[in-house]
Amino acid sequence: MSNGGTVCRPLPRQYYDRDTVTVAKELLGCLLVHHSPEGTTAGKIVETEAYLQGDPACHAARRMTPRNSVMFGPPGYAYVYFTYGMHYCFNAVTNSEGVGEAVLIRALEPTEGIALMQRRRGRKNMRELCSGPAKLTQAMGIGIEHNRLDLTGARLYICQGEAGAPIVTATRIGIKEGTDLPLRFYLQDCRYVSRK
DNA sequence: ATGCAGATTGCA
DNA sequence: GCAATCTGCATG
């Protein structure tokens with residue numbers, strides 16, 4: 001698969017083994033790819049949020065539990081959680097093993113498998129396919145079965161995209177604590193961001 | 001054992 | 001504005 005000449009190979013583990021805010025910013029413009037039994041879907045990451053150790057909004061802020069344990073493991077793995085009784089959200093585990101941090105992928109610009117995304121979402125409008133953390137998991141066919149999946153593998157991964165586009169830094173959405181922290185990042189002037 | 005709030009979404 | 005719908009976690 002090619003993407004305008006961009007090589008599409010999974011980002012290596014050491015990419016994720018860095019400061020989580022840095023990874024959250026650099027993931028903007030990268031491509032999230034899922035080769036599923038139903039077909040391949042992919043989209044450009046246009047919005048992310050960082051969740052840090054010592055951050056009250058982070059699922060790993062307290063002790064380790066079965067749900068959040070993958071966040072404490074080695075970087076470069078998927079953390080998929082189920083919420084509100086009906087939605088899944090996708091994160092990439094970052095920073096060193098033992099540090100409970102991750103980047104939430106909040107929005108994508110659909111680039112491949114759009115018909116499949118439309119079918120999964122029950123929506124036609126391009127802007128309603130991946131403009132939200134639970135929308136994109138539905139469109140991409142990502143569920144709890146992908147929790148703990150190795151993102152350096154061939155099935156579900158992120159590959160390098162074009163960097164250098166202007167980034168907006170803002171506060172995170174949908175949380176009660178830590179709302180003052182500037183840990184949300186999105187591509188400026190992008191129509192596929194969940195909310196400005 | 002029981003209760004509650006949640007990194008959301010879609011419809012009234 | 002609010003229901004949908006399940007799980008982790010705190011409390012008794």
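All values reported here derive from a predicted model rather than from experimental measurement. Residue numbers start from 1 in every chain, and the chains themselves are labelled A, B, ... in the order their sequence lines are given, proteins ahead of strands.
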Residues within [range] bordering DNA chain B, heavy-atom distance below 4.0 Å:
{"range": "residues 94-108 of chain A", "answer": "A:Leu104, A:Arg106"}
{"range": "residues 121-130 of chain A", "answer": "A:Arg121, A:Arg123"}
{"range": "residues 179-196 of chain A", "answer": "none"}

Output yes when a side-chain donor or acceptor of [X] lies under 3.5 Å from a complementary backbone atom of [Y], and no otherwise.
{"X": "A:Glu49", "Y": "A:Leu183", "answer": "no"}
{"X": "A:Arg172", "Y": "A:Arg184", "answer": "no"}
{"X": "A:Arg148", "Y": "A:Tyr77", "answer": "no"}

Evaluate the criterion side chain to side chain contact (heavy atoms under 4.5 Å, CB included) for residue pair A:Phe90 and A:Val80; output intermediate values, then yes/no. CA-CA 5 Å; A:Phe90 170 82; A:Val80 180; 4.0 Å; yes
Does DNA chain B take part in any stems of at least 3 consecutive Watson-Crick or G-U pairs (both distances under 3.5 Å), and if so, which ones? B:1-6 with C:6-11, B:8-11 with C:1-4
Co-members of the apolar cluster containing A:Phe72 [side chain, <4.5 Å]: A:Met64
Outer limits of DNA chain B sitting under 4.0 Å from a non-hydrogen atom of chain A, read 5' to 3', are B:dG6 to B:dC11
Check: residues 82-89 of chain A side-chain donor-acceptor pairs under 3.5 Å, at least two apart:
none

Of all pairs that satisfy ring pair (Phe, Tyr, Trp, His ring centres under 6.0 Å), the ones with a partner from residues 119-148 of chain A, not counting sequence neighbours: A:His34-A:His146
Regarding A:Arg121 and A:Gln138, is there a side-chain donor-to-acceptor distance under 3.5 Å anywhere? yes
Taking every non-hydrogen atom, the tightest pair across A:Ile158 and A:Cys30: CG2-CB, 3.7 Å
For A:Ser131 versus A:Glu128, what's the shortest heavy-atom pair and its separation? OG-CA, 4.1 Å
Assign A:Ala57 to base, sugar-phosphate, or nothing according to its heavy-atom contacts below 4.0 angstrom with the strands shown. base
Taking it one step at a time, do A:Cys58 and A:Met71 satisfy side chain to side chain contact (heavy atoms under 4.5 Å, CB included)? CA-CA 10 Å; A:Cys58 181; A:Met71 293 181 75; 3.6 Å; yes
Candidate pair A:Leu181 and A:Asp55, rule side chain to side chain contact (heavy atoms under 4.5 Å, CB included), full reasoning: CA-CA 9 Å; A:Leu181 303 174; A:Asp55 160 13; 4.1 Å; yes
Could you check if a side-chain atom of [X] sits within less than 4.5 angstrom of a side-chain atom of [Y], using non-hydrogen atoms only?
{"X": "A:Gln160", "Y": "A:Tyr15", "answer": "yes"}
{"X": "A:Leu32", "Y": "A:Thr41", "answer": "no"}
{"X": "A:Leu151", "Y": "A:Leu11", "answer": "no"}
{"X": "A:Arg67", "Y": "A:Tyr81", "answer": "yes"}
{"X": "A:Arg13", "Y": "A:Asp150", "answer": "yes"}

Show your reasoning for whether side chain to side chain contact (heavy atoms under 4.5 Å, CB included) applies to A:Leu31 and A:Cys159. CA-CA 5 Å; A:Leu31 206 60; A:Cys159 58; 3.6 Å; yes
Is there any protein nitrogen or oxygen under 3.5 Å from a nitrogen or oxygen in nucleotides 8-12 of chain C, and what are the pairs?
{"unit_1": "C:dC9", "atom_1": "OP1", "unit_2": "A:Thr65", "atom_2": "OG1", "d": "2.7"}
{"unit_1": "C:dC9", "atom_1": "OP2", "unit_2": "A:Thr65", "atom_2": "OG1", "d": "3.2"}
{"unit_1": "C:dA10", "atom_1": "OP1", "unit_2": "A:Arg62", "atom_2": "NH1", "d": "3.1"}
{"unit_1": "C:dA10", "atom_1": "OP2", "unit_2": "A:Arg63", "atom_2": "NH1", "d": "3.4"}
{"unit_1": "C:dA10", "atom_1": "OP2", "unit_2": "A:Arg63", "atom_2": "NH2", "d": "3.3"}

Scan residues 94-106 of chain A for pairs that pass side chain to side chain donor-acceptor pair (under 3.5 Å), counting only residues two or more places apart or in two chains. A:Asp17-A:Ser96, A:Thr20-A:Thr94, A:Thr20-A:Glu101, A:Glu47-A:Arg106, A:Asn95-A:Glu101, A:Arg106-A:Ser194
Sorted by number, residues from residues 73-88 of chain A placing a heavy atom under 4.0 Å from DNA chain C are A:Phe82, A:Tyr84, A:Gly85, A:Met86
Under the rule for salt bridge (charged side-chain N to carboxylate O under 4.0 Å, His left out), what residues qualify as partners of A:Asp19, not counting sequence neighbours? none
